Participant: 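Below: one structure in structure tokens.
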Amino acid sequence: MERTDPEGPQGLAVSADGYTLVPSSVEVTPGTPSAFTFKVTGKDGKPVKSYTALHDKELHLVVVRRDLTGYQHLHPTRAASGTWSVPLGVASAGVYKAFANFQPGGQAMPMPMTLAVDLMASGHFTAAALPKPAVTATVEGFMVALTGEVLVGGSKLTFAVSRAGKPVDLQPYLGAFGHLVALRVGDLAYLHVHPEGAPGHEHHPPAGGRITFVAPVPTAGQYRLFLDFKAADVVRTAEFTVVAPRAK
Ligand SMILES: [Cu+2]
């Protein structure tokens with residue numbers, strides 16, 4: 001079977017390359033955290049029980065409402081049966097998308113994949129407008145400045161974290177100094193993003209609270225970036241709307 005381009009847009013399918021994301025239920029209750037359980041089935045239809053860790057975890061679960069609010073990056077635990085479980089709470093009603101990012105075990109090549117499913121939180125909801133493009137974001141007193149152009153085919157993005165005008169010492173979190181998720185506005189395609197540098201390089205503290213990522217943006221358009229970083233012992237998420245111009 002031909003494999004989906006791992007560098008291309010991911011997270012647009014619940015099933016790809018013989019693997020399927022199977023939630024126990026797609027209903028979530030706003031305001032009430034409860035266990036979200038799911039499995040990933042393989043080509044034989046059975047739950048996958050072997051994974052290759054990516055950034056210290058076998059599976060990363062990203063949940064966001066379809067209007068790109070309410071972002072969460074979670075790490076479910078896996079039972080021996082292959083069933084994954086994580087407490088999940090959503091603040092408000094709406095349709096959410098849950099992305100599972102993982103790599104099945106036993107593959108010679110690094111081939112992370114992302115499958116996704118919609119989750120329904122019943123009730124009235126008011127869609128939030130997409131924030132305007134910006135090169136700075138503030139979260140709990142931390143200012144994150146984005147430099148670098150978002151370009152179709154190859155983007156190098158650097159984030160500098162500061163507090164009260166001074167660079168912040170970032171702390172390692174899941175084997176890196178920052179984790180970036182990029183979603184395309186319109187269809188929430190999940191982009192493959194990785195820290196710049198050879199494996200292991202990222203374990204050295206970055207100078208001046210700076211972290212750089214390589215993000216191949218597949219098409220012109222708007223993207224929403226979610227940068228998880230750890231400072232002062234807390235993981236926070238800085239969010240940006242960016243625009244990739246049409247290629248000339
Ligand atoms: Cu993760």
Side-chain angles (χ1 to χ4, degrees), residues 6-7 9-12 14 16 19 21 23 28 33 35-40 48-65 68-79 82-90 96-105 107 110-117 119 137 139-140 142 144 157 159 161 170-184 188-197 199-203 206 211-216 223-231 233-240:
E7 295 283 328
Q10 296 255 331
L12 294 174
V14 72
Y19 295 93
L21 176 59
V28 286
F36 174 57
T37 60
F38 62 95
K39 57 196 174 180
V40 176
V48 176
K49 297 176 186 174
S50 165
Y51 291 84
T52 300
L54 310 163
H55 294 299
D56 289 357
K57 296 285 178 186
E58 289 188 343
L59 188 143
H60 303 262
L61 185 77
V62 162
V63 177
V64 69
R65 204 167 70 172
L68 292 160
T69 63
Y71 179 87
Q72 300 184 55
H73 180 161
L74 307 170
H75 298 109
T77 52
R78 180 170 58 82
T83 297
W84 292 93
S85 180
V86 67
L88 174 66
V90 297
Y96 290 77
K97 193 166 178 182
F99 301 87
N101 173 239
F102 61 93
Q103 175 169 341
Q107 295 181 339
M111 282 194 169
M113 59 190 304
T114 305
L115 301 176
V117 67
L119 304 180
V139 49
E140 292 171 15
F142 290 84
V144 183
L157 305 173
F159 297 90
V161 184
L170 296 175
Q171 297 166 304
Y173 167 58
L174 300 177
F177 283 90
H179 291 271
L180 180 65
V181 166
L183 302 178
R184 183 164 61 188
L188 275 61
Y190 186 106
L191 306 194
H192 176 77
V193 171
H194 51 90
E196 192 186 39
H201 174 84
E202 65 202 70
H203 292 269
I211 345 162
T212 300
F213 295 88
V214 178
Y223 294 83
R224 188 76 171 153
L225 308 180
F226 302 89
L227 174 74
D228 292 334
F229 64 95
K230 187 174 181 183
D233 299 325
V234 175
V235 177
R236 297 176 177 83
T237 306
E239 306 185 9
F240 299 81

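None of the values given here were measured: they were computed from a predicted structure. In each ligand, atom 1 is the first atom listed, and ligand 1 is the first ligand listed.
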Participant: Report the name of the N/O/S atom of His60 located nearest to the Cu ion (ligand 1).
Facilitator: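 For His60, the N/O/S atom sitting closest to the Cu ion (ligand 1) is ND1.
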Participant: The Cu ion (ligand 1) to His55: any N/O/S contact under 2.8 Å?
Facilitator: no
Participant: So, His179 and the Cu ion (ligand 1): N/O/S under 2.8 Å, yes or no?
Facilitator: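 Under 2.8 Å: His179 has no N, O or S contact with the Cu ion (ligand 1).
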Participant: Given side-chain contact (heavy atoms from CB on, under 4.5 Å), test Phe102 with Met113 step by step and report yes or no.
Facilitator: CA-CA 6 Å; Phe102 61 93; Met113 59 190 304; 3.6 Å; yes
Participant: Check the surroundings of atom NZ in Lys39: do more than 12 heavy atoms from other residues, nucleotides or ligands lie under 6.0 Å from it?
Facilitator: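 No.
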Participant: If you take the centroid of each ring, where Trp contributes its six-membered ring, are Phe240 and Phe159 closer together than 6.0 Å?
Facilitator: yes
Participant: Can you tell me the N, O or S atom of His75 that's nearest the Cu ion (ligand 1)?
Facilitator: NE2
Participant: So, does Gln171 use its side chain to make a donor-acceptor pair with the main chain of Asp233 at under 3.5 Å?
Facilitator: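 Yes, the answer is positive, given that a donor and an acceptor are paired below the 3.5 Å cut-off.
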